[in-house]
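We count ligands from 1, going down the list as the structure has it; atoms in each ligand are counted the same way.
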Amino acid sequence: MEEGKIYLLVISILAFVAYRVVQGVYNVFLHPLSRFPGPRAAAATSWWKTYVEVVRQESMVHVLVGLHKVYGDIVRVGPNELHFANPEAYHDIYRSELRWDKEAKLYESFGEDRSSFGLLRYGDAKQRKEVLQPLFSRRAILGMQELVGEKVDHLVQVLVKNQAVGKSSDMLFALRCFTVDMILDFCFAKSVDAMDEPDFAAPIVVAMDNSLPTFHMFHHFPWFRKTILSLPPWLALKASPETAGLTQLQVILGKQVKDVTTSPSILEASPHPTIYHRLLDPKVRNSNLLFEDGALFDEALTMLFAGGVTVGDTSMTGFFHILDQPTLYSALRSEVLKAWPNINNPPTLEALESLPLLTATIKESLRVAPGACSPLLRIVPPTGATINGTFIPASTIVGMSSFFVHQSAAIFSDPGTFNPYRWISPDSSGLEKWLVAFSKGPRSCLGMNLAWCELYLLYATLLRRVEMRLDGTKREDLEWRDCFTPFYPGRHLRVFCEGVEK
Ligand code: HEM
C-alpha cells in the first residue's frame, strides 16, 4: 500500500476512535440519562451488553439482579436504556392504555419482522392480531379441546412406551414435542409427528433448542443475522455451523409453509380451523396491506417459538417441582381423581378449571418458570413518561423482566419456593395482578387462552393417566440462561412414567 493511503487509513481509524471516545464521554456525563445510576461502561457504550452476552456468555436477567442490588430500582444498562426492578414499574410500562412501540434492535433479532410478535408499531400489530384473534378467543379454544386432548393422549402413550423398555423420558423435549405437534396442527392442520421421534429428539425441536443461544449473536450483530438468513441453507450451514439450528428450522418450517400455500386443499381436509385458514383467506389478504411475501413464514415461526417453547418450559418446570414434593404430588392426584373417576371419560376444560389445587399449581408454574424472561423493550413516546414515580425522557428504551415481579419477596413470600398453596390461602386476593407471565397491555400474549387450555389438559392427564418418578434430576439441572426465553444447558428433566390402567 502506498504511504499516502496508509496515512489516510491511520487518520480515519484515529478519527473513528476519537469520535467514539467523545461519544462515550457525552453519554456518561451529558446524556439526558446521565443522572441514572449503573455501570459506567454500560452508560458509555452499547458494546457493554455485547460483552456480557456474547463474550462472557452471561445470562442478562441474572446480571440485572446483581446490578439492582448495587444501584437500586432503576439501572442504566445502555447509553439510552433503563431497566426497572420495582414491581409497580411493570404496570407503568405494560399498561393496557399505552401504545408504545417495541424496540427495533431486540425484536428484529428474531427474524420475524412481519409477524404479530415482530411488528414494532402498535397499529400494525393490532391489525394483524385482529385477523388472528378469532382463533385464540376463549370460545374458539373451548372448541379445540378435543385436538389438545388427542395430542396429550399421544404424549402419554409414548411416555409409557419408554417406561415399558425401562427408560425414563426427557421431559423438556417431550413437552416441547407435544407443543410443536400441537402448534403445527393448529397452524397447518399437519403434524411433523415430533412426539414419535426416538427420545423425543425431533429435528425441529433439536433445531429450536440449538437456535436459542444464537439469539445473542443475531441481536448484537444485525449484519451477521442478515447475512446468514439470506444465504441458501447449504451455504449457511457451512458458513456458520453454530447457527445450524436456525437454518434447519427455516428449512423444515419453510416446507410446511410451501406445502400449504401451494396446495391449500390440505386445509380443506382439516377438521378444525387453522391459523392458515385465516391468513390465506382472500378477504383478509386483500384488505390487509401488511401481508407481504414472507409474512406467512414469519407468523409460523412466531407461533412455533411463542407457543412451543413457552408452554413446554412452563410445564417442564411445574412437573419438576410437583415430583420433587411428594405430598403436593399426591394431593394433586387425589383432586384430579375425584373430578375424573372413570379413566375413559376425561373431564372438560371447564370442569378442570374449577379444581383449586390444579389451578393454583398451574399459576405457580407460570410464576416460577422463566417464560419470556428477557426485559420486553419498549420506546418511551415523545411526551416522556412516569415510571416508578420518576420522569423518563422521550425515546428512552425501557424494559422490565417478569422475573423481578415473580421473584419479589414483597409480593410472594419465600419466592424461591414452589408453593401452589399461596394462590389459595385466605390472603391471596390481589396476587393475580402480579402474575405477569403473559405480560400485560396491548402487546400481551395472543395465545394465552390456548396456553391455559394446553396446561390444564396436560397437567390433569399426566396426573391421572401416569405415575411419575424423577430419574435423578436435581434443582441445579434446571439452571437456565436468558436467551429471551430460557436455554437449559444442563441435564434435562428425566422422568419414569408408568401407565395407570384405571
Ligand atoms: C405458557 C405459555 C406462554 C407464555 C408464558 C407466553 C408469554 C408471552 C409474553 C410474555 C408475550 C409478550 C412478548 C413481548 O412483549 O415481546 C407473548 C406474546 C405473544 N405470544 Fe405468548 N406465551 C405463551 C404461550 C403462547 C401460545 C400458546 C401462543 C400461540 C400459539 C402465543 C403467541 C404469542 C404471540 C403471537 C405473541 C405476540 C403478541 C404481540 O406482540 O402483540 N403465546 N407471550
Side-chain angles (χ1 to χ4, degrees), residues 90 93-94 96 98-104 106-110 112-133 135-137 140-141 144 147-148 151 175-176 178-188 274-275 278-279 295 298-318 362-379 398-403 405-406 435-459 484-486:
Y90 196 91
I93 302 174
Y94 307 102
S96 56
L98 300 179
R99 303 288 178 257
W100 299 0
D101 289 346
K102 287 187 168 184
E103 192 262 344
L106 170 67
Y107 284 96
E108 283 169 1
S109 29
F110 299 95
E112 302 166 12
D113 302 2
R114 297 151 296 187
S115 74
S116 47
F117 169 79
L119 289 165
L120 300 177
R121 288 185 39 242
Y122 162 79
D124 295 342
K126 180 169 178 283
Q127 208 180 348
R128 178 67 60 81
K129 284 169 96 172
E130 275 166 3
V131 171
L132 296 172
Q133 193 72 53
L135 281 174
F136 290 99
S137 69
I141 296 303
M144 296 292 287
L147 176 68
V148 181
K151 299 283 179 211
L175 292 162
R176 284 190 186 166
F178 154 73
T179 51
V180 161
D181 278 345
M182 181 60 224
I183 290 296
L184 290 184
D185 208 327
F186 196 40
C187 279
F188 307 111
T274 69
I275 288 166
R278 293 291 297 159
L279 296 177
D298 287 8
E299 204 63 72
L301 193 60
T302 277
M303 293 300 158
L304 201 60
F305 275 98
V309 171
T310 50
V311 175
D313 294 1
T314 303
S315 45
M316 184 279 289
T317 308
I362 297 175
K363 285 184 187 164
E364 187 68 346
S365 306
L366 286 162
R367 182 187 75 83
V368 169
C373 49
S374 278
L376 308 169
L377 300 183
R378 303 287 188 263
I379 306 289
V398 292
M400 181 163 170
S401 161
S402 57
F403 187 80
V405 180
H406 291 157
L435 187 60
V436 296
F438 296 105
S439 191
K440 295 282 174 187
R443 301 306 300 268
S444 61
C445 181
L446 177 67
M448 194 161 90
N449 289 325
L450 175 61
W452 273 104
C453 171
E454 288 182 279
L455 292 169
Y456 267 112
L457 297 189
L458 192 58
Y459 276 54
F484 194 80
T485 55

Engineer: Please say whether the positively charged group of K102, taken as NZ for Lys or CZ for Arg, lies over the ring of F117, i.e. under 6.0 angstrom from the six-membered ring centre and within 45 degrees of the axis.
Structural biologist: yes

Engineer: Within a distance under 4.0 Å of any heavy atom of V311, pick out the atoms of ligand 1 and give their elements.
Structural biologist: 2 (C)

Engineer: For atom 38 (C) of ligand 1, which candidate among R378, E103, K129 provides the closest heavy atom?
Structural biologist: K129

Engineer: My understanding is that we take every heavy atom of each candidate and find the minimum distance to atom 22 (N) of ligand 1. Doing that for S115, A451, C445, which one comes out nearest?
Structural biologist: C445

Engineer: Which bit of S444 is near ligand 1, meaning a heavy atom under 4.0 Å away: side chain, backbone, both or neither?
Structural biologist: backbone

Engineer: Checking side chain to side chain contact (heavy atoms under 4.5 Å, CB included) against C453, which of L458, V148, V311 comes through?
Structural biologist: V148

Engineer: What atoms of ligand 1 come closer than 4.0 angstrom to any heavy atom of S116?
Structural biologist: 35 (C), 39 (C), 40 (O), 41 (O)

Engineer: For ligand 1, which atoms sit closer than 4.0 Å to a heavy atom of I183?
Structural biologist: 30 (C)

Engineer: Checking side chain to side chain donor-acceptor pair (under 3.5 Å) against E130, which of Q127, Q133, R128, K126 comes through?
Structural biologist: K126

Engineer: What atoms of ligand 1 come closer than 4.0 angstrom to any heavy atom of L366?
Structural biologist: 1 (C)

Engineer: Can you tell me how far apart CE (M182) and CE (M303) are? Round to the nearest 0.5 Å.
Structural biologist: 12.5 Å

Engineer: Identify, by atom number and element, the atoms of ligand 1 in contact range of F136, meaning under 4.0 Å from any of its heavy atoms.
Structural biologist: 29 (C), 30 (C)

Engineer: Select one of side chain, backbone, both or neither to describe which atoms of L119 lie under 4.0 Å from any atom of ligand 1, heavy atoms only.
Structural biologist: neither

Engineer: With a cut-off of 4.0 Å, which atoms of ligand 1 are near a heavy atom of F117?
Structural biologist: 13 (C), 16 (O), 37 (C), 40 (O)

Engineer: Please identify which atoms of ligand 1 are closer than 4.0 Å to at least one heavy atom of M303.
Structural biologist: 29 (C), 30 (C)

Engineer: Which atoms of ligand 1 sit under 4.0 Å from any heavy atom of Y107?
Structural biologist: 14 (C), 15 (O), 16 (O)

Engineer: Taking a cutoff of less than 4.0 Å between a non-hydrogen atom of the residue and any ligand atom, is G371 in contact with ligand 1?
Structural biologist: no

Engineer: Using side chain to side chain contact (heavy atoms under 4.5 Å, CB included) as the criterion, point out the one residue from T274, D181, T179, L450 that pairs with F186.
Structural biologist: L450

Engineer: Just verifying a value: how many Å separate S137 OG and L132 CG, rounded to the nearest 0.5 Å?
Structural biologist: 12.0 Å

